[in-house]
Amino acid sequence: MRALIVTAVPAERDAVVRGIRDAGAFEGVERALPGAPGYARHRLALPVTGASDALTLEALDADVLAAGVGPAASAAATGSALATATADGLPYDLVISAGIGGGFGVAPAVPPADAEPAGTASAGVESAGTESAGTGQAAARPVGLALAAVVVADAIVAADLGAETPDGFAAVTDLGFGTIRHLPPAHLVRAAAEATGGVRGSVLTVSTVTGSAERAAELMARHPGAVAEAMEGFGVAEAATAYGVPVLEIRTVSNAVGPRDRAAWRIDAALAALTGAFDALARALPRAMAENGAPTDPVGTARVSSALHEAASDAAAGDGPT
């Protein structure tokens with residue numbers, strides 16, 4: 001499976017790289033995108049251990065890219081990477097928007113004496129019925145998240161794309177344009193959540209991070225299925241959709257959505273959780289793709305094989321980790 005993983009900043013990219021490396025991957029060189037030197041792809045390859053042919057569809061070949069902050073930067077970088085891969089004859093099978101973000105209704109945790117610093121321990125969550133995106137069925141949704149929890153988007157939503165009107169906010173779809181929602185494949189959402197112990201729900205993309213209780217309440221009223229907010233997912237999803245590539249969004253919770261309280265943020269814990277999540281996802285997602293209709297034709301297999309051999313050649317040549 002060929003995957004493009006897009007983060008906002010280098011710290012998130014490095015956390016993802018560490019996770020895939022922990023799963024047993026080896027690294028190739030970091031390469032700038034042709035014509036876009038500001039974007040560098042960090043390539044990793046993860047063969048299938050013990051397989052008679054290690055170059056199978058369950059192998060992972062991943063490019064990890066730090067795109068910049070916000071939906072415009074993430075869309076531009078993702079589009080550039082997708083265009084380059086297509087031109088090279090090695091298109092991606094999956095695009096993932098990844099990083100840390102704010103959680104809605106973050107519950108305070110009371111850790112034991114030997115636990116991590118306050119705010120990083122698991123906390124119990126209540127559940128509420130909400131409609132599972134694309135299914136019309138009720139699903140459990142947490143109304144209190146732990147800091148450092150993993151969130152898997154079952155909907156990637158542009159929460160502030162629209163217009164202010166005398167009657168309040170109108171989404172761009174209410175104005176007769178575009179879309180504000182992309183739905184990741186349900187089987188991949190399920191596989192990702194099971195592999196990471198993650199919570200499923202809508203992840204909102206905003207251009208301005210929420211900084212007040214009033215704004216948080218407004219977003220929750222408009223998007224009752226929301227579990228987290230970040231700034232890049234919708235941009236990544238727009239680019240992936242334009243190329244017909246399925247998309248996921250994976251976040252770990254660094255802070256509560258609401259009043260800004262930097263002392264309560266747990267960025268290091270969220271980055272560590274992101275590493276742990278991708279350690280698990282590096283094996284689980286290729287398997288889920290292979291079991292649910294991933295290409296099985298010789299061309300698809302050759303695509304994966306070629307990418308893995310390229311990474312192996314880089315490593316053998318002494319380019320090493322970057």
Side-chain angles (χ1 to χ4, degrees), residues 3 5-23 62 64-67 69 74 95-109 111 115-125 141-157 184 188-206 209-210 226-234 236-237 247-258 261-262 264-285:
I5 304 170
V6 184
T7 71
V9 298
E12 294 169 322
R13 176 202 60 202
D14 295 345
V16 169
V17 168
R18 283 193 297 272
I20 300 174
R21 187 193 301 144
D22 288 348
V64 189
L65 180 68
V69 175
S74 65
V95 175
I96 305 173
S97 175
I100 65 176
F104 285 96
V106 170
E116 296 181 66
T120 63
S122 296
V125 297
R141 180 180 68 80
V143 294
L145 284 174
L147 289 164
V150 178
V151 170
V152 181
D154 60 15
I156 302 170
V157 180
L188 294 182
V189 172
R190 181 172 59 254
E194 290 175 353
T196 62
V199 172
R200 286 177 267 185
S202 298
V203 176
L204 308 185
T205 299
V206 295
V209 172
T210 300
V227 292
E229 76 166 23
M231 300 182 74
E232 292 79 33
F234 188 79
V236 173
V247 63
L248 289 175
E249 184 170 5
I250 309 293
R251 295 281 167 183
T252 53
V253 177
S254 59
N255 58 279
V257 176
D261 178 7
R262 295 180 68 91
W265 294 359
R266 295 294 182 267
I267 291 176
D268 288 346
L271 290 172
L274 191 63
T275 293
F278 274 87
D279 184 356
L281 292 171
R283 294 292 187 191
L285 288 179

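We use all heavy atoms of the structure for the numbers below, so side chains are in, but hydrogens, waters and symmetry mates are not.
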What pairs with [X] under side-chain contact (heavy atoms from CB on, under 4.5 Å), at least two apart in sequence or on another chain?
X: A23; value: L46, D279, A282
X: A15; value: R18, L271, L274, T275
X: S254; value: I100, I267, A270

Looking at every heavy atom in both [X] and [Y], which two are closest together, and how far apart are they?
X: T205; Y: E232; value: CG2-N, 4.0 Å
X: P184; Y: V189; value: CB-CG2, 3.7 Å
X: V203; Y: E249; value: CG1-OE2, 3.4 Å
X: A192; Y: V152; value: CB-CG1, 4.0 Å
X: V9; Y: T7; value: O-OG1, 3.3 Å
X: F234; Y: V157; value: CD1-C, 4.3 Å

With sequence neighbours excluded, residues passing side chain to side chain donor-acceptor pair (under 3.5 Å) with [X]:
X: E12; result: none
X: S97; result: R251
X: T196; result: none

When rounded to the nearest 0.5 angstrom, what is the spacing between [atom1] in [X] and [atom2] in [Y]?
X: L248; Y: L281; atom1: CG; atom2: CG; result: 8.5 Å
X: L147; Y: N255; atom1: CG; atom2: CG; result: 7.5 Å
X: L285; Y: I5; atom1: CG; atom2: CD1; result: 8.5 Å

Problem set entry | Any donor-acceptor N/O pair, E229 side chain to T210 backbone, under 3.5 Å |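 Yes, the answer is positive, given that a donor and an acceptor are paired below the 3.5 Å cut-off.
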For this session: Kindly indicate, with the supporting measurements, whether the criterion side-chain contact (heavy atoms from CB on, under 4.5 Å) is fulfilled by V227 and S202.
Result: CA-CA 6 Å; V227 292; S202 298; over 6 Å; no
